[in-house]
Amino acid sequence: MEKRPHVCRNCGALCPIMVTLDGNRVIRVEGDFQAPIYRGYTCPKGRAIPIEHHNPRRLLHSLKRLPDGSRVPISSDQLVEEIAQGLSRIIDAHGPQSVAGFLGNGVASQPAAGGMLISFLAAIGSPMMFSSATIDQPGLVIANALHGHWQGGRVHPDLWETCLIVGGNPVVSKQHLPQNPAWQLKTLERRGARMIVIDPRHTETARRAAVHLQAIPGEDPTVLAGLIHLIFAMNGLDEDFVARNAEGASALRKAVAGFTPDYVCARAGLERDRLEAAARILVDAKRGDTALGVGASMATRGTLSSYLALCIQTLRGFWAREGEPVARPKVLSPRRDWRAQPRAPFPAWGFGLRTSVRGLQQTLAGMPCAALPDLMTTDAPDRIRAFFNHGGAYYAWPDTEKTAKALAALDLHVMHDVEISGTSQFADYIIATYDQLETPAVSQLNEAIGDIHPGYDWHEPYAFYRPALLPPPEGADLMESWQLYYRLARKLGLPLTFINYGGDGSQPPVPFDMENEPTSEQMIEMMCMGSTIPLAEVKKHPHGAIFEDARDWVKPGDPACTARLQLADPVMLDQLAEVRAEDWFRRRLVGKAYPFQLICRRMQETTNSGIKPDGLVKTGYNPLWMNPLDMERLGLSSGDEVELSSRHGAIPAFVEPEPTLRHGVVAMTHGFGPRPNSNYDPRRDGSNVNLLISWEDDPDPYHGMPRMSALPVAIKAKAMAG
Ligand SMILES: Nc1nc2c(c(=O)[nH]1)N[C@H]1C(S)=C(S)[C@@H](COP(=O)(O)OP(=O)(O)OC[C@H]3O[C@@H](n4cnc5c(=O)[nH]c(N)nc54)[C@H](O)[C@@H]3O)O[C@H]1N2
Ligand SMILES: Nc1nc2c(c(=O)[nH]1)N[C@H]1C(S)=C(S)[C@@H](COP(=O)(O)OP(=O)(O)OC[C@H]3O[C@@H](n4cnc5c(=O)[nH]c(N)nc54)[C@H](O)[C@@H]3O)O[C@H]1N2
Ligand code: SF4
Ligand SMILES: [Mo]
């Protein structure tokens, strides 16, 4: 038996772990107390890696689907040959744009896969590069462009006196507080920071908040506009910061004039003293931040909510100032020029491809996933016919039936997976790939993600590299995902240039040696080129380390800088006016037919549609959580089966009491549903929430994502469901 350090990649927290091995058998996984920052933290998903690793359904060979639907094993060499031939035919007949790729959370344990897929599509000449960034919080990126970007970054958490968390639950999701979130929250509390949480559920995070605003789902723009109204009313502006760095304050003040506390509280179901207490905390705090989660994004108008949160930061001057520590110092990326000055707003759309689907276009968040299923079936010239997939579409995309039809309509669907999953069951080729203990792990990727989404990356100059811990199982013929693209490019005679994603764009593309295939280690060296600390130095620390040479402070702004942050973007203020003018009760669509609002939420035991080790989710299925009083009213007890229906579909569900929920609000986690090769039993497999969701329901005007939370639903006890 031996114990060796590695990193859990079952979510973006990337907890350092100690893995007990008996030969190649994984016996136990626990937190790594020798690693800095995390203090030995792991969650049940990390500790279940032994079960996950010895998955009885593990694919040891890639599979090819035959015309009759059956599958046969295929060697890595043969599949490269066949896929290259198929691709050539498709590109010859329909052009490079008919080839698309999707990066989802499947890439988490494949450090080089993302950059390689991007490089491959660029080599083909296809712009059809999609990612889950246009499912989860595309509004963050778009709002940042409309508002302008602060070049000093966000305020370091060590300085926070407050943080406004909207529709996110870091204690479970780790997003925004990725390293041992409960400990981070306790430390903040001890230091006297006063957190504010807006969430219809009294979450694990809300329990640590000074003020919890338990608002009605879908009302985040209303509540945020109400807070801005109060900040103005309390004369709470950081006048000096705003005068130097922003414009549009008076137009914003006018735009929120109608969001009086009375109006906001009546509409969002809040108590006035709480709303005022939250505004008072924001006004009193000298340094702070805002953190938006998927709740605020999925309940519609996520772009507007993100924009209003940025406005709060600017009004209060919550941006890193000269001399302050950089909140996300770069270690395995090139050193950044952090400056206390704005970058003026820049276009968020209108520069890229416009699809034939509902006018949806490329935005700064990427190609719109909202267009993907229709692009796979359209008769328009931009039809997608070949698809390289790194995610769990079948469970994760809205409108499961449409997704299934779209995936089935593809001429060539290639999916990387460790098992035949709900999504890879649709693939023509399933590329059997490595498990997370069988690939090297490196922190560089998370630094890149942190450039796009402020909820990731580290607040200390921390970095790690761990070599692969285990060889692939004996007799297996696997491919690391990036290898497929390298070998296909070689077979197609395409010269490949490695494009690093994320970062500040300062890393030039690097041409590949197309004769000698690189190793995974060499791929990672390419990703880390020009890094602040050399990868070789990071490799010397088997438990990861904090690299003091990479610690950074914000430099003064250029006195000649004339750029200003924009508090009154016309598109955003028009949408806010629409919010104020609408008949909000009608828009909510809650009534006799659909008396409840279904919200999204995550659970500690699962990550999206990732594999679910047997026994980890105690119920097996994903419960429908309800306030116990609502259950009592419907005569329901724990475990009772109900039919949960929306305007779009219906699924079976099993209720579970959750006293932390607002009355009239129910919650269910996505990522569950029928599994391939087994008779569907909802009480074992759970239900696919995305059967209830339509891509066309109240889409965001900018990135097109539909209403995925605050969904009007009805609940009928099974006996009455008929
Ligand atoms: N209703 C509803 N739907 C949602 C959400 C919600 O809150 N509510 N959340 C959305 C969000 S935020 C996101 S980001 C998306 C997530 O959706 P996706 O980004 O698509 O990610 P996952 O579902 O986590 O994808 C995991 C799957 O990828 C496949 N996979 C591909 N490559 C590999 C590999 O190399 N290794 C392994 N092990 N597996 C691989 C496996 O089938 C695995 O199960 O879901 C979205 N869907
Ligand atoms: N354990 C676990 N961790 C994960 C994941 C996972 O599946 N499981 N997924 C990962 C991914 S892909 C992502 S994007 C992140 C997401 O990270 P978070 O955004 O923190 O995700 P959730 O935990 O779902 O928190 C969303 C919160 O929004 C609330 N909510 C729902 N509707 C509304 C609304 O209308 N308004 C407001 N204000 N709140 C609302 C819900 O009650 C819930 O508490 O988590 C990541 N980490
Ligand atoms: S929080 Fe859990 S799933 Fe996420 S990295 Fe840590 S141990 Fe793994
Ligand atoms: Mo996500």
Side-chain angles (χ1 to χ4, degrees), residues 7-17 29-32 38 41-49 52 55 58-59 102-110 113 130-138 167 171-175 178-181 293-295 297-299 369 388-400 403 415-425 427 430-436 438-439 453 455 478-482 598-602 604-612 667-672 676 688-693 705-709 711:
V7 168
C8 174
R9 285 173 279 180
N10 279 343
C11 86
L14 302 177
C15 298
I17 49 173
V29 166
E30 59 206 315
D32 178 357
Y38 291 81
Y41 178 86
T42 53
C43 84
K45 298 184 293 300
R47 296 190 294 272
I49 285 176
E52 179 191 322
N55 176 2
R58 174 80 192 272
L59 289 177
F102 175 81
L103 286 181
N105 288 277
V107 293
S109 57
Q110 309 264 348
F130 296 80
S131 83
S132 53
T134 54
I135 302 182
D136 63 8
Q137 290 168 270
V171 172
V172 165
S173 73
K174 325 296 179 305
Q175 189 172 278
Q179 298 96 35
N180 197 338
V294 291
S297 169
M298 297 198 169
C369 281
F388 291 89
N389 188 1
H390 294 263
Y394 180 70
Y395 302 110
W397 295 359
D399 196 343
T400 312
T403 301
M415 164 118 185
H416 308 262
D417 216 328
V418 291
E419 62 180 10
I420 303 177
S421 67
T423 307
S424 57
Q425 67 175 325
I430 307 178
I431 313 300
T433 196
Y434 289 76
D435 167 85
Q436 60 173 319
E438 299 158 359
T439 59
H453 189 306
L478 311 178
M479 254 194 252
E480 215 186 295
S481 301
W482 68 266
L598 175 69
I599 60 168
C600 63
R601 68 162 281 186
R602 276 151 179 72
Q604 190 70 280
E605 294 79 11
T606 67
T607 303
N608 301 324
S609 58
I611 68 167
K612 298 182 170 50
M668 208 165 168
T669 300
H670 67 291
F672 288 76
N688 193 336
V689 180
N690 281 312
L691 280 161
L692 304 175
I693 296 171
M705 283 310 294
R707 191 190 283 241
M708 296 174 74
S709 192
L711 199 71

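In each ligand, atom 1 is the first atom listed, and ligand 1 is the first ligand listed.
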Legend entry - Whether Tyr38 side chain and Ala13 backbone form a donor-acceptor pair below 3.5 Å: yes
Legend entry - Structural part of Met298 in contact with ligand 1, heavy atom criterion under 4.0 angstrom: side chain
Inset, instruction - Could you tell me if any non-hydrogen atom of Phe102 lies under 4.0 Å from any atom of ligand 1? - result: yes
Legend entry - atom 25 (O) of ligand 1 [closest protein heavy-atom partner, distance rounded to 0.1 Å]: Gly392 N, 3.1 Å
Legend entry - Min heavy-atom dist Arg601 to ligand 1 below 4.0 Å: no
Inset, instruction - Taking all non-hydrogen atoms of both residues into account, name the closest pair between Gly391 and Phe102 and its distance. - result: CA-CE2, 3.9 Å
Inset, instruction - Would you check if the side chain of Arg47 reaches a backbone N or O of Thr42 as a donor-acceptor pair within less than 3.5 Å? - result: yes
Inset, instruction - Within a distance under 4.0 Å of any heavy atom of Asp136, pick out the atoms of ligand 1 and give their elements. - result: 11 (C), 12 (S), 14 (S)
Inset, instruction - For ligand 1, find out whether one of its N or O atoms is nearer than 3.5 Å to an N or O atom of Arg602. - result: yes
Legend entry - atom 1 (N) of ligand 1: the protein heavy-atom neighbour that sits closest, reported with distance to 0.1 Å: Asn690 OD1, 3.0 Å
Legend entry - Close-contact set for ligand 1 against Ser132 heavy atoms, below 4.0 Å: 14 (S), 19 (O)
Legend entry - Contact partition for Ser609 relative to ligand 1, non-hydrogen atoms under 4.0 Å: both
Inset, instruction - Tell me, with the steps shown, if Asn10 and Gln436 meet side chain to side chain contact (heavy atoms under 4.5 Å, CB included). - result: CA-CA 9 Å; Asn10 279 343; Gln436 60 173 319; 3.0 Å; yes
Inset, instruction - With heavy atoms only and a cut-off of under 4.0 Å, state how His416 meets ligand 1: side chain, backbone, both or neither. - result: both
Legend entry - Backbone N/O of Asp417 and side chain of Thr433: donor-acceptor pair under 3.5 Å: no
Legend entry - contact_flag Gly671 ligand 1 heavy-atom lt 4.0 Å: no
Legend entry - Main-chain N/O of Cys600 paired to Ser709 side chain as donor or acceptor, under 3.5 Å: yes
Inset, instruction - Report yes if Thr433 has an N/O atom closer than 3.5 Å to an N/O atom of ligand 1; otherwise report no. - result: no
Legend entry - Close-contact set for ligand 1 against Ile693 heavy atoms, below 4.0 Å: 1 (N)
Legend entry - Nearest protein heavy atom with distance in Å, relative to atom 8 (Fe) of ligand 3: Cys8 SG, 2.3 Å
Inset, instruction - Quick one: look at Asn105 and ligand 1, take heavy-atom pairs under 4.0 Å, and tell me if it's side chain, backbone, both or neither. - result: both
Inset, instruction - Report the part of Ala396 (side chain from C-beta onward, or backbone N, CA, C, O) that has a heavy atom under 4.0 Å from ligand 1; answer both or neither where that applies. - result: both
Inset, instruction - Report the nearest protein non-hydrogen atom to atom 33 (C) of ligand 1: residue, atom name, distance rounded to 0.1 Å. - result: Gly106 O, 3.2 Å
Inset, instruction - Measure Met708 to ligand 1 on non-hydrogen atoms and call it side chain, backbone, both or neither using the 4.0 Å cut-off. - result: side chain
Inset, instruction - Could you tell me whether the side chains of His416 and Ser481 share a donor-acceptor contact shorter than 3.5 Å? - result: yes
Legend entry - Enumerated ligand 1 atoms positioned under 4.0 Å from heavy atoms of His390: 31 (C)
Inset, instruction - Quick one: look up the protein heavy atom nearest atom 3 (S) of ligand 3 and list residue, atom name and how far away it is. - result: Lys45 CE, 3.3 Å
Inset, instruction - Check step by step if side chain to side chain contact (heavy atoms under 4.5 Å, CB included) holds for Leu598 and Val689. - result: CA-CA 10 Å; Leu598 175 69; Val689 180; 4.0 Å; yes
Inset, instruction - Identify, by atom number and element, the atoms of ligand 1 in contact range of Ile135, meaning under 4.0 Å from any of its heavy atoms. - result: 10 (C), 46 (C)
Inset, instruction - Measure from the side-chain N and O atoms of Asn608 to the backbone N and O of Gly610, and report whether any donor-acceptor pair falls under 3.5 Å. - result: no
Legend entry - Those atoms of ligand 3 less than 4.0 Å from some heavy atom in Leu14: 5 (S)
Inset, instruction - Take Trp397 and Ile135 through the side chain to side chain contact (heavy atoms under 4.5 Å, CB included) test and state the conclusion after the steps. - result: CA-CA 8 Å; Trp397 295 359; Ile135 302 182; 3.5 Å; yes
Legend entry - Gap between atom OH of Tyr395 and atom OG1 of Thr423 - 0.5 Å precision: 6.5 Å
Legend entry - Name of the residue among Arg9, Glu480, Gln110 meeting side chain to side chain donor-acceptor pair (under 3.5 Å) with Thr439: Arg9
Inset, instruction - With rounding to the nearest 0.5 Å, note down the distance linking CZ in Arg601 to CE in Met298. - result: 15.0 Å
Inset, instruction - Test side chain to side chain contact (heavy atoms under 4.5 Å, CB included) on Met705 and Asp136 and set out the steps. - result: CA-CA 9 Å; Met705 283 310 294; Asp136 63 8; over 6 Å; no
Legend entry - Nearest-neighbour protein heavy atom for atom 7 (S) of ligand 3, which is reported as residue plus atom name and distance: Cys43 N, 3.4 Å
Inset, instruction - Please confirm whether the backbone N or O of Glu419 pairs with a side-chain atom of Ser424, one donor and one acceptor, at under 3.5 Å? - result: yes
Legend entry - Distance filter under 4.0 Å to Cys600 heavy atoms, resulting ligand 1 atoms: 7 (O)
Legend entry - Structural part of Thr423 in contact with ligand 1, heavy atom criterion under 4.0 angstrom: neither
Inset, instruction - Starting from atom 6 (C) of ligand 1, locate the nearest protein heavy atom and write down its residue, its atom name and how far away it is, to 0.1 Å. - result: His670 ND1, 3.2 Å
Inset, instruction - Measure the spacing between OG of Ser132 and NE2 of His390 and express it to the nearest 0.5 Å. - result: 12.0 Å
Legend entry - Numbering as shown, the atoms of ligand 1 that approach Asn608 to under 4.0 Å (heavy-atom distance): 16 (C), 22 (P), 23 (O), 24 (O)
Inset, instruction - Please write down residue, atom name and distance for the protein heavy atom closest to atom 1 (S) of ligand 3. - result: Lys174 CE, 3.3 Å
Legend entry - Which residue and heavy atom of the protein sit nearest atom 41 (C) of ligand 1, plus the separation: Asp417 OD1, 3.3 Å
Legend entry - Cys11 near atom 8 (Fe) of ligand 3 via N/O/S, less than 2.8 Å: no
Legend entry - From CD1 (Ile611) to CG (Asp435), nearest 0.5 Å: 7.5 Å
Inset, instruction - Measure the spacing between NZ of Lys45 and SG of Cys15 and express it to the nearest 0.5 Å. - result: 8.5 Å
Inset, instruction - Would you mind running through ligand 3 and noting each atom that sits below 4.0 Å from a heavy atom of Asn10? - result: 3 (S)
Inset, instruction - Using atom types as modelled and distance alone, determine if a side-chain donor or acceptor of Lys612 lies under 3.5 Å from a backbone N or O of Gly671. - result: yes
Inset, instruction - Look at ligand 1 and say whether Met415 reaches it with a heavy atom at a distance under 4.0 Å. - result: yes
Inset, instruction - Among all protein heavy atoms, pick the one closest to atom 6 (Fe) of ligand 3 and tell me residue, atom and distance. - result: Cys15 SG, 2.3 Å
Inset, instruction - May I ask you to list the atoms of ligand 1 that are less than 4.0 angstrom from any heavy atom of Gln110? - result: 35 (O)
